[in-house]
A.B. asks: 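Sending over a structure as structure tokens; questions will come in a sec.
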Amino acid sequence: MEKNLNILKDTFGRQHNYLRISLTELCNLRCTYCMPAEGIQLSPKSNIMTYDEVFTIAKTFVDHGVTKIRLTGGEPLVRRDADVILKQLATLPVELSITTNAVTVDRFIDTFRSCGIKSINVSLDSLDAEKFNEITRRNDFDKVYKNIQLLIKEGFKVKLNAVLIKGFNDNEIIDFIELTKALPVSVRFIEFMPFDGNKWDKKKMVSYAEVMDQVYNAFDKKDVLRIADAPNDTSRNYKIEGYKGSFAIISSVTNPFCDSCNRIRLLANGRLKNCLFSSAESDLLTPLREGKTIEPIIKKAIQAKFKVRSGMNTLEEFNDPKRHAQNRSMITIGG
Ligand code: SAM
């Protein structure tokens, strides 16, 4: 079938070839910056995509030019049929990857391998067990750390995502980088972003510039190497001379990368989000269940995409918590 790329091109000429699919709103951790303490209003179970629906919608996107799919959540691996979904999606001509908290990763090594998954993103916000348990409101540090080692041993390319929060883990930036001395991992520092119910405050955010200040204080400038970013990459990548791994900064707040955005997000309830910060969503699941074609809805959603951060053009607008109150909590978007 000839690919029709037009429905995934927006009015600014950005071609969307990267689909992120949230498989579930449920998670086995309770990270404070991701999920409100009181929990979230879950979609009724009947409104969550079945594995066949995930596949059908994903295939529609692939037929229109998507070449990369990342599974996320909630925690994608808490879905009982996660392995079925992975195996189905692996039949599509895409680069398949997953973002996970790694709590149960040891049970999926064979599935990952048989699905051709090569790269896995793992969230790890602290190297200190007590702090990790505090931020995740669960006691799984040892399990997660062991599973990260297992992924590396099994030959997966591992990226560690750490959301930086001032006064909580900004004193661990150099410890994280030191981890890359012996381990071939990429540590990615993520600027803390505002979402509904996550008590975001600009003062809690650690910026790209602040991370680099710490780096240049700790290492000789000539040893801090700027390395190539992948196309459409949201991170700026560095490595310390002689270290096995690398580190990167994802500065969604202070330096958004909207110009090269190629991402669209499908939520577990079958709604499409054209931007992480957009509160507008397009329901694909209801029309799919009614036997209608979903392409026109996808096209409309892509055409409606704003140039920058869902229309929040200035940092002042972005810093206003009210602008995020209509957006979902990150737990139901998936990063
Ligand atoms: N459960 C999986 C995990 O832990 O990686 C996948 C879902 S999680 C929502 C995806 C990513 O979103 C994680 O790397 C997490 O750190 C990030 N995230 C969640 N809330 C965030 C926020 N407020 N600011 C920046 N990143 C956030």
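For ligands, and for the atoms within them, numbers begin at 1 and follow the listed sequence. We count residues from 1, following the sequence as given. Remember, it's a predicted structure, so these values are computed and weren't measured experimentally.
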A.B. asks: Would you say the side chain of Asn121 lies within less than 4.5 Å of the side chain of Arg188, judging by non-hydrogen atoms?
C.D. replies: yes
A.B. asks: Any sub-3.5 Å donor-acceptor pair from Gln303's side-chain atoms to Lys9's backbone N or O?
C.D. replies: yes
A.B. asks: What part of Thr100 sits under 4.0 Å from ligand 1 if we count only heavy atoms: the side chain, the backbone, both or neither?
C.D. replies: backbone
A.B. asks: Please identify which atoms of ligand 1 are closer than 4.0 Å to at least one heavy atom of Thr72.
C.D. replies: 6 (C), 7 (C)
A.B. asks: Is Arg137 reaching over with its side chain to a backbone N or O of Arg30, donor-acceptor style, under 3.5 angstrom?
C.D. replies: yes
A.B. asks: For salt bridge (Lys or Arg N to Asp or Glu O under 4.0 Å), just list the numbers for Glu172 and Lys131, CA-CA rounded to whole Å, side-chain angles, deciding distance to a tenth of an Å, and then say yes or no.
C.D. replies: CA-CA 11 Å; Glu172 292 190 65; Lys131 274 164 73 176; 2.9 Å; yes
A.B. asks: For atom 6 (C) of ligand 1, which of the options Gly335, Ser252, Gly74 provides the nearest non-hydrogen atom?
C.D. replies: Gly74
A.B. asks: Which part of Thr99 is near ligand 1, with near meaning a heavy atom under 4.0 Å away: side chain, backbone, both or neither?
C.D. replies: both
A.B. asks: Parallel, tilted or perpendicular: which fits the ring planes of Tyr243 and Phe219, with parallel below 30° and perpendicular above 60°?
C.D. replies: perpendicular
A.B. asks: With heavy atoms of Ile190 as the reference, note each atom of ligand 1 found under 4.0 Å away.
C.D. replies: 25 (C), 26 (N)
A.B. asks: What residue and atom, counting heavy atoms only, is the protein's closest point to atom 5 (O) of ligand 1, and at what distance?
C.D. replies: Ser123 OG, 2.6 Å
A.B. asks: Parallel, tilted or perpendicular: which describes the rings of Phe132 and Phe141, with under 30° parallel and over 60° perpendicular?
C.D. replies: perpendicular
A.B. asks: Give, for atom CZ of Arg236 and atom OH of Tyr208, the distance between the pair rounded to the nearest 0.5 Å.
C.D. replies: 4.5 Å
A.B. asks: Among all protein heavy atoms in this structure, tell me which lies nearest to atom 2 (C) of ligand 1, with the distance rounded to 0.1 Å.
C.D. replies: Glu75 OE1, 3.4 Å
A.B. asks: Under 4.0 Å, heavy atoms only, figure out whether ligand 1 is touched by the backbone of Trp200, its side chain, both or neither.
C.D. replies: neither
A.B. asks: Write out the residue and atom name of the closest protein heavy atom to atom 26 (N) of ligand 1, then the distance separating them to 0.1 Å.
C.D. replies: Val163 CG2, 3.4 Å
A.B. asks: Kindly indicate, with the supporting measurements, whether the criterion salt bridge (Lys or Arg N to Asp or Glu O under 4.0 Å) is fulfilled by Arg138 and Asp140.
C.D. replies: CA-CA 6 Å; Arg138 293 290 183 273; Asp140 286 321; over 6 Å; no
A.B. asks: Short list, please: which atoms of ligand 1 are under 4.0 Å from a heavy atom of Asn198?
C.D. replies: 23 (N)
A.B. asks: Looking at Lys166 and Val206, would you say the former's side chain and the latter's main chain have a donor-acceptor pair under 3.5 Å?
C.D. replies: no
A.B. asks: State if Ile331 counts as touching ligand 1 under the rule of any non-hydrogen atom under 4.0 Å.
C.D. replies: no
A.B. asks: Can you tell me which residue and heavy atom of the protein come closest to atom 21 (C) of ligand 1, and the distance to 0.1 Å?
C.D. replies: Tyr33 CD1, 3.5 Å
A.B. asks: Below 4.0 angstrom from a heavy atom of Phe192, which ligand 1 atoms are there? Numbered from 1 as shown, please.
C.D. replies: 23 (N), 24 (N)
A.B. asks: Regarding atom 12 (O) of ligand 1: of the candidates Met330, Arg188, Met193, Lys159, which has the closest heavy atom?
C.D. replies: Met330
A.B. asks: Specify the protein heavy atom at minimum distance from atom 10 (C) of ligand 1: its residue, its atom name, and the distance to 0.1 Å.
C.D. replies: Gly334 O, 3.5 Å
A.B. asks: Regarding Lys68 and the six-membered ring of Tyr18, is the cationic atom NZ or CZ under 6.0 Å from the ring centre and inside 45° of its axis?
C.D. replies: yes
